[in-house]
Amino acid sequence: MAEVKENLHMEKIVSLCKRRGFIFQSSEIYGGINGFWDYGPLGAELKRNVKELWWRAMTRAREDVAGLEATIIMAPAIWKASGHVDTFSDPMCDCKKCKKRHRADQLCEDQGLALTKGDNGQFAFPAGTKCTHCGSTELTEPRPFNLMFKTYVGPIESEDHVAYLRPETAQAIFAQFKNVLETSRQKIPFGIAQIGKAFRNEVTPRNYTFRSREFEQMELEFFIKPDEAIEAIHGSVATVPVSGHPGEPQPNWGWQAWHQYWVEERVRFYEGLGLARATLSFHVQTADELAHYARATTDILFKFPFSKRDEKGELKGEELEGIAARSDFDLSQHQRFSGKPMSVFDEELRNAWPRLPQARQDALWQRYYAHRQRYLTRMGVAEDAAARQATEDANALAKGNYIPHVIEPSAGVDRLILALLTNAYTETVKTDDKGRSETLYVMQFHPRVAPIKVAVLPLLKNKPELVARARAVFELLRHDLACFYDEGGSIGKRYARQDEAGTPYCVTIDFDTLGENPELHDTVTLRYRDDGRQERLKISGLRQWLLEHVR
RNA sequence: GCGGGCGUAGUUCAAUGGUAGAACGGCAGCCUUCCAAGCUGCACACGAGGGUUCGAUUCCCUUCGCCCGCUCCA
């Protein structure tokens, strides 16, 4: 279970998932729809378990995170503020000769030209634009390529009524930041967590459910004080260990410590779901890759069989989660676009500031000013207006006000499910005495995520006493555990069925349960999925034992 | 969106210009004292649409879907 699935073909997983009811193609009876997938009975349980574990770890187990469940369709202005309306609609074109596809704006730039946009919103190439691949001038018209799903709110289908299905859950958190802050009795640093569907009209959905057009995210926006505020209050920002978990959160943590903290917290979460470190890898985004507002982004990758390989031939992995340090960009954008203040008042800062030596005050003021000014001018605010606003912001800081910065651990649920399925999949070829061989499939899920926790089986079906006792045991367990009763076929076949479903424990009611051997009266066989090991447990302690082992 | 390959029971495969077989799986019954035993029976498929043809699952076209490569992935 711990090893990396190097040479596993995805088709095998796809076929098992279909066969056992983990994942089906959406709308299959109508021929399917590209990029959309349904979870069958086992998949639905698996996914529920994963979301439940995330929610528990991120909110209930912590005092500093509050939950949120926002709508999928929101005011379109949110997507203007976030930048999605602009960046999600890159104009694309194809070369008619060599069939190469380009981003029209980049193609022009590469040749020192500029794409033009008419009043009607239509893009056009300047004369002489060539394909950078083959040199042909036969290019298709630049077409906007919007990755957001569009719909209309209300009965009138006009541009005035356009709305989008959210392409990420994060923006809803930013938009409700003030409401949550005021109602949750939290103060900075604290986070808002949300699980929910998001939609992206991907150009090419690929790799089974990995890149779907409808998918689910588990996102935390964790709001922290700007480093300038930390320095004012605590004298300096805590230094971060070179690697590893920085330990329990401290008041003097700056964004780097918080970023590292969340990376490590998230890795621990994945390990707790059964994804060993060896199956994970990291990608620290380089300066070139980083979005302009991001200070750092660390991706946690899982080594899927379809992942690309590095120079050494090792699987590089595909992204499960990105942990981004997004500065105060998002809230600043919403403040500018909505006109509503997104700043918070920090009493500690207000009290600390006047006690700082003047030189220190000036230095922090200057740094904060520079940061704000850089942001504003990058966003196209005119130089003098930006200077004025940045001055205001820096003056506000001195009075204890700032826009919080954000650390964002953002995970894809469906990708994680696919990782868990891949990770759990094992096959072994078994040859019997007659030389016949068959392949046995075992889904070795961590008991925590397993869709069915325990199967209850009477050893034989045609002995009413066994069946009755088995039904009673099933009844005893089913209210607290995802439980499955099966009496069809032979006991071996039933074990094998549960192995494919990934059920970690099977409980068998046999003649000893009934008292054939008095010492074993009221005990059952407990059979382990991964090694077939068996032991006997008292029925009286069974429920408790199982609850402890699936936690 | 481009290029290539592919679509036959739930799964894995077979055959065929005269409407399809198997294995495993599923369901029911019998049997079975711990790892896919056996016996009997049952159900289930040519992705969709159009064309050619007396007749199409088979040939052609379109479409949808899947896989690979390109492109895209803020």
Side-chain angles (χ1 to χ4, degrees), chain A residues 9-12 14-21 24-36 40 79 82-90 92-103 106 133 140 143 145-148 167-168 170 200-208 210-213 289-294 297 306 318-319 322 324 412 430 432-434 436-442 457-463 466 487-500 506-514 516-517 524-529 531-534 536:
Chain A
H9 290 286
M10 285 309 288
E11 300 90 75
K12 291 189 161 189
V14 174
S15 141
L16 184 137
C17 284
K18 172 89 190 287
R19 190 167 80 233
R20 288 266 88 121
F24 307 127
Q25 197 172 25
S26 169
S27 321
E28 195 192 81
I29 60 168
Y30 289 101
I33 173 163
N34 189 289
F36 297 88
W79 308 113
S82 68
H84 285 83
V85 171
D86 296 328
T87 57
F88 254 43
S89 55
D90 301 322
M92 310 286 290
C93 73
D94 294 315
C95 172
K96 290 176 184 169
K97 209 168 167 191
C98 73
K99 306 294 183 193
K100 194 93 178 160
R101 163 162 294 189
H102 305 276
R103 257 183 60 181
Q106 283 179 354
H133 185 245
T140 61
R143 293 159 297 188
F145 213 94
N146 203 310
L147 264 54
M148 281 199 291
E168 61 171 38
R200 289 181 199 180
N201 211 348
E202 298 285 356
V203 179
T204 314
R206 275 288 162 87
N207 292 324
Y208 200 26
F210 186 80
R211 180 167 290 121
S212 300
R213 290 184 162 132
E289 294 171 310
L290 282 174
H292 61 84
Y293 49 78
T297 297
F306 52 77
E318 298 288 334
E319 185 183 341
K430 199 186 77 174
D432 65 14
D433 344 328
K434 292 167 197 143
R436 286 179 305 191
S437 60
E438 58 186 347
T439 309
L440 301 176
Y441 304 93
V442 184
L457 319 165
L459 183 60
L460 298 175
K461 181 190 181 183
N462 60 355
K463 297 285 183 289
L466 288 177
E487 59 179 32
S490 68
I491 189 72
K493 190 173 198 163
R494 283 178 257 154
Y495 285 150
R497 272 201 282 249
Q498 292 306 318
D499 288 345
E500 280 199 6
C506 287
V507 162
T508 301
I509 283 71
D510 55 25
F511 293 94
D512 285 335
T513 314
L514 301 177
E516 192 173 276
N517 176 351
V524 293
T525 301
L526 179 85
R527 180 258 188 190
Y528 291 86
R529 175 194 61 203
D531 53 13
R533 196 167 91 246
Q534 297 195 348
R536 292 205 73 89

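Every chain is numbered from 1, with letters handed out A, B, ... down the list of sequences. Just so you know, these numbers use all the heavy atoms, side chains as well, and skip hydrogens, waters and symmetry mates. Bear in mind the structure is a predicted one, so any value in this text is a computation, not a measurement.
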**Student:** Between A/E28 (CD) and B/C66 (C1'), how many Å, whole number?
**Tutor:** 11 Å

**Student:** Work out how far the P atom of B/C66 is from that of B/C35, and round it to whole angstrom.
**Tutor:** 42 Å

**Student:** Can you give me the closest heavy-atom contact between A/H84 and A/P167, atom names plus distance?
**Tutor:** CD2-CG, 3.6 Å

**Student:** Would you give the length of the straight line joining atom CZ of A/R527 to atom CZ of A/R533, rounded to the nearest 0.5 angstrom?
**Tutor:** 11.5 Å

**Student:** In whole angstrom, give me the gap between the P atoms of B/C6 and B/A43.
**Tutor:** 34 Å

**Student:** Is the closest side-chain heavy-atom distance between A/K18 and A/F24 below 4.5 Å?
**Tutor:** yes

**Student:** Please give the distance between the P atoms of B/A22 and B/U53 as a whole number of Å.
**Tutor:** 35 Å

**Student:** Might you list the N or O atoms of the protein lying below 3.5 Å from N or O atoms in nucleotides 4-9 of chain B, with each pair's distance?
**Tutor:**
none

**Student:** Could you tell me how far B/A9 sits from B/G49 if I compare only their C1' atoms? Round to whole Å.
**Tutor:** 23 Å

**Student:** Can you name the nearest heavy-atom pair linking A/Q534 to A/Y495, along with the distance?
**Tutor:** NE2-OH, 3.9 Å

**Student:** Rounded to the nearest angstrom, tell me the gap between atom NZ in A/K493 and atom P in B/C39.
**Tutor:** 11 Å

**Student:** Please determine whether a side-chain nitrogen or oxygen atom of A/K18 lies at a distance below 4.0 Å from atom OP1 or OP2 of B/G10.
**Tutor:** no

**Student:** Just the rounded figure in Å: distance from P of B/A37 to CZ of A/R497.
**Tutor:** 10 Å

**Student:** With nearest nucleotides of RNA chain B determined for A/G32 and A/E168 from heavy-atom distances, which residue corresponds to the more 5′ nucleotide?
**Tutor:** A/G32

**Student:** Are there any protein N/O atoms within less than 3.5 Å of an N/O atom in nucleotides 30-34 of chain B, and if so, which ones and at what distance?
**Tutor:**
unit_1 : atom_1 : unit_2 : atom_2 : d
B/U32  : OP2    : A/N462 : ND2    : 3.0
B/U32  : O4     : A/K461 : N      : 3.0
B/U33  : O4     : A/E516 : OE1    : 3.3
B/C34  : O2     : A/Y495 : OH     : 2.5
B/C34  : O2     : A/Q534 : NE2    : 2.7
B/C34  : N3     : A/T525 : OG1    : 3.4
B/C34  : N4     : A/D510 : OD2    : 2.3
B/C34  : N4     : A/T525 : OG1    : 2.4

**Student:** Should the side chain of A/E438 and the base of B/A23 be counted as holding a donor-acceptor pair, with the cut-off at 3.5 Å?
**Tutor:** no

**Student:** Once you round it to whole Å, what is the distance between C1' of B/A74 and CD of A/E289?
**Tutor:** 13 Å

**Student:** Want to settle it: does A/G35 or A/I29 sit nearer the 5' end of RNA chain B, counting the closest nucleotide to each?
**Tutor:** A/I29

**Student:** Less than 4.0 angstrom between a side-chain N/O of A/R19 and OP1 or OP2 of B/G26, yes or no?
**Tutor:** no

**Student:** So, for A/I491 and A/P458, which heavy atoms are closest and what is the spacing to 0.1 Å?
**Tutor:** CD1-O, 4.4 Å

**Student:** Please report the closest heavy-atom contact between A/L459 and A/R494, naming both atoms and the distance.
**Tutor:** O-NH2, 3.4 Å

**Student:** NE2/A/H9 to OG/A/S15 distance, rounded to the nearest 0.5 angstrom?
**Tutor:** 13.5 Å

**Student:** Categorize A/F210 for me: base, sugar-phosphate, or nothing, with a 4.0 angstrom heavy-atom threshold over every strand shown.
**Tutor:** nothing

**Student:** In whole angstrom, what separates A/Y30's OH from B/G49's P?
**Tutor:** 12 Å

**Student:** Does the side chain of A/D499 reach to within under 4.5 Å of the side chain of A/L440, using non-hydrogen atoms?
**Tutor:** no

**Student:** Quick one: CD on A/E500 to CG on A/L16, what's the gap to the nearest 0.5 Å?
**Tutor:** 5.0 Å

**Student:** What is the separation between atom NZ on A/K12 and atom P on B/C13, rounded to the nearest whole Å?
**Tutor:** 11 Å

**Student:** Distance check, C1' atoms only: B/A45 and B/A23, in whole angstrom units.
**Tutor:** 15 Å

**Student:** How close do A/V507 and A/L526 get, heavy atom to heavy atom, and via which atoms?
**Tutor:** CG2-CD1, 3.9 Å

**Student:** Expressed as a whole number of angstroms, how long is the span from A/R20:CZ to B/C24:P?
**Tutor:** 15 Å

**Student:** What distance, rounded to whole Å, do you find between the two P atoms, one in B/G21 and one in B/C31?
**Tutor:** 33 Å

**Student:** Using the P atom as the point on both nucleotides, what is the distance between B/C39 and B/C24, in whole Å?
**Tutor:** 10 Å

**Student:** Can you measure from CD (A/Q25) to OH (A/Y208) and round to the nearest 0.5 angstrom?
**Tutor:** 9.5 Å

**Student:** Would you write out the dot-bracket form of RNA chain B, 5' to 3', with Watson-Crick and G-U pairs under 3.5 Å, [ ] for crossing pairs, | for pairs to other strands and . for unpaired bases?
**Tutor:** (((((((..((((....[..)))).(((((.......)))))....(((((..]....))))))))))))....

**Student:** Please check the phosphate of B/G65 (OP1 and OP2 only) for any side-chain N or O of A/Q25 closer than 4.0 Å.
**Tutor:** no

**Student:** Using the P atom in both, what is the distance from B/C60 to B/G7, to the nearest Å?
**Tutor:** 13 Å

**Student:** Quick check for you: to the nearest 0.5 Å, what is the distance between A/R19 atom CZ and A/K12 atom NZ?
**Tutor:** 10.5 Å

**Student:** Looking at B/G69, does its base get a donor-acceptor pair with the side chain of A/R206 below 3.5 Å?
**Tutor:** yes

**Student:** Under 4.0 Å between any heavy atoms, over every strand shown, what does A/L440 touch: base, sugar-phosphate, or nothing? Just pick one.
**Tutor:** base

**Student:** Looking at A/E202, is its backbone amide N or carbonyl O close enough to the side chain of A/R213 to form a donor-acceptor pair, meaning the two atoms are under 3.5 Å apart?
**Tutor:** yes

**Student:** Could you give the OH-to-P distance, from A/Y441 to B/A36, as a whole number of Å?
**Tutor:** 15 Å

**Student:** Tell me if the centroids of the rings in A/F210 and A/F306 come within less than 6.0 Å of each other.
**Tutor:** yes

